[in-house]
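This report concerns only the one structure given below.
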Amino acid sequence: MHQDGQLSAGSLVLGWLRMLFGLSLGAVTGLVGLVAAALGTRVVVLTEYELGRIARFDRVVHTNPLSRSGCRRYLAVRWLVGAVGAGVICMLMFWYAVAISMVTAWLFDGTWGMIKDGEHVTAVLLAAVAVPGALVIFVTTAGVPGVAALDRWLATRMLGTSQQTLLRQRVAELTSTRAEVIEAIDDERRRIERDLHDGVQQRLVALGMLIGRARRAKDDEQLGQLLRQAHDTAAETIDELREVATRVYPAVLDDSGLDAALEVLAERSSVRVEIDNLLKSPPGTALETVIYFVVSEAVNNAAKHADPSVVEVCVWPGEGDITIMVWDDGMGGADETGTGLSGLARRVKAVDGDFEVTSPLGGPTTIYARLPCG
């Protein structure tokens, strides 16, 4: 707990110092911005600098596309915040100088120039001014993040999008994503039903017919032949049922992890697949599942439609995200609105990820998916 408290206090002090330095720059650029707004020159460049300064020393401001008129209005008002910041910094320097000089005079039994006739600073005098002096210094110190918040509020108000608007946009995005997830689940359910109906069910019907013919066989040779056909059909049915179950959820993912699941996927593919998994540690069951199905669907889609000679898969970690790249040297021209790729996009968006497809005619095709880890 003590160590965590030290880290929190250190982060607080560093954050305050960043804001102080940012306000110092803002006090200077406020005057420059006022002149630029009056002359109507380089207002967009100066506004971009102000937004970069706020982002660097405080936090990012979400803005709409900048316009010349909007930037000019912003700079015409922003100098007032710069002036307030300059005033807070001057007061801060003054009161800290008073406090330090007074304490120094008391410690070294020296005179203090702000007292008439150069009288000495006594403990009684120091105690008398300690409480009001501490309050003044606290209020002035708190003024630094206050002006920083005012600076950020003004930029958001005049150029950007408010938190309420961002929240409404986020709710709309989540509502849309939820609908897409439900649609993707329905598509997956229908695909499984088709696989069971057109594949497994048909093989089971054929198996039943073979067994029925075997029961009516008139000689041992015909019986043996029908039983061999039934045995082969049963083996094919088991394999196909296993494939359907793997497409629903691969058991090897739970048993042996993502590396093994991707290797099994590569071995079962009808084309050559090269896997390069650079993840140093497991990203968690939910992300492993998404990674596996993105790779699986991308590889199957390439094998089915692009006729490639090789499919390359690379998974690597980034700062707060995981990137999946699936590349093939097939004929290209992949349709992002098709069932396979659109389902992939919905699956990635369900975890707030980004999905991108580059597939010119003639190839190659590259699929990128970025999944947030936090």
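On a predicted model such as this, the values are computed, not experimentally measured, just so you know.
- Here R152 contributes atom CZ and R59 contributes atom CZ; the two are 4.0 Å apart, rounded to the nearest 0.5 Å.
- A230 and I211 get closest at one heavy-atom pair: CB-CG1, 4.5 Å.
- G33 and L46 get closest at one heavy-atom pair: CA-CD1, 4.3 Å.
- Atom CZ of R78 and atom CG of L31 lie 9.5 Å apart (nearest 0.5 Å).
- Taking every heavy atom of both residues into account, G353 and P372 meet most closely at CA-CD, 3.8 Å.
- Heavy atoms from other residues, nucleotides or ligands lying under 6.0 Å from CG of D219 number more than 12.
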Report task. Start with the C-alpha distance between R53 and D58, add both sets of side-chain angles, then the distance that settles salt bridge (Lys or Arg N to Asp or Glu O under 4.0 Å), and finish with yes or no. Result -> CA-CA 8 Å; R53 177 186 59 81; D58 189 5; over 6 Å; no

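- Between V205 and M209, the closest side-chain pair of non-hydrogen atoms falls below 4.5 Å.
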Report task. Evaluate side-chain contact (heavy atoms from CB on, under 4.5 Å) for D276 paired with E312, printing each intermediate quantity in order. Result -> CA-CA 8 Å; D276 189 10; E312 297 179 0; over 6 Å; no

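- A continuous path of Ile, Leu, Val, Met, Phe, Trp and Tyr side chains, each step under 4.5 Å between heavy atoms, connects V294 with I322, placing both in one hydrophobic cluster.
- Although no hydrogens or angles enter the test, the distance criterion places a donor-acceptor pair under 3.5 Å between the side chain of N300 and the main chain of S296.
- Between L361 and G333 the shortest heavy-atom distance is CD2-CA, 3.8 Å.
- Linking Ile, Leu, Val, Met, Phe, Trp and Tyr residues whenever their side-chain heavy atoms come within less than 4.5 Å leaves V81 and F21 in two separate clusters.
- Under the 4.5 Å side-chain heavy-atom criterion for ILVMFWY residues, no single connected hydrophobic cluster contains both F57 and L150.
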Report task. Assess whether side chain to side chain donor-acceptor pair (under 3.5 Å) is satisfied between Y96 and T141, documenting all intermediate values. Result -> CA-CA 10 Å; Y96 270 103; T141 303; 3.2 Å; yes

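- With rounding to the nearest 0.5 angstrom, the CG atom of L344 is 6.5 Å from the CD1 atom of I367.
- Between T47 and L159 there is a side-chain heavy-atom pair separated by less than 4.5 Å.
- Heavy atoms from other residues, nucleotides or ligands lying under 6.0 Å from CH2 of W16 number more than 12.
- Atom CD1 of I238 sits about 11.0 Å away from atom OG1 of T233, to the nearest 0.5 Å.
- Under a 3.5 Å cut-off, the side chain of T29 and the backbone N or O of G26 do form a donor-acceptor pair.
- Summarising the geometry, atom CH2 belonging to W316 is positioned 9.5 Å from atom CG belonging to D321; distances are rounded to the nearest 0.5 Å.
- Each of T140, V139, V136 was compared with M91 under the side chain to side chain contact (heavy atoms under 4.5 Å, CB included) criterion, and only T140 meets it.
- Side-chain contact between R370 and E356 is present, with at least one heavy-atom pair separated by less than 4.5 Å.
- Taking both residues in full, the closest heavy atoms of E288 and P282 are given as OE2-CB, 3.6 Å, listed atom of the first, atom of the second, then distance.
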Query raised in the report: After noting the C-alpha distance and the side-chain angles of L92 and L20, does the key distance pass the side-chain contact (heavy atoms from CB on, under 4.5 Å) rule?
Result: CA-CA 10 Å; L92 191 68; L20 178 62; 4.1 Å; yes

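- In this structure, I291 and N277 have side chains that are not in contact, with every pair of non-hydrogen atoms separated by 4.5 Å or more.
- For the pair A302 and D328, the tightest heavy-atom approach, listed with the atom from each and the gap, is CB-OD2, 3.6 Å.
- Side-chain atoms of D329 come within 3.5 Å of backbone atoms of S309 as a donor-acceptor pair (strictly under, hydrogens ignored).
- Taking 4.5 Å as the limit, some side-chain heavy atom of L278 sits within range of a side-chain heavy atom of C314.
- Under a hydrophobic clustering in which Ile, Leu, Val, Met, Phe, Trp and Tyr are joined whenever their side-chain heavy atoms come within less than 4.5 Å, directly or via other members, V147 and L51 fall into the same cluster.
- A distance of 13.0 Å separates CE in M158 from OG1 in T63, rounded to the nearest 0.5 Å.
- For the pair T366/M325, a side-chain contact is recorded, criterion being any heavy-atom separation below 4.5 Å from C-beta on.
- Within the 4.5 Å cutoff, no side-chain heavy atoms of V348 are placed close to those of I324.
- The closest side-chain heavy-atom distance from V32 to W79 is not below 4.5 Å.
- Transitive grouping of hydrophobic side chains (ILVMFWY, heavy atoms separated by less than 4.5 Å) keeps V28 and V45 in distinct clusters.
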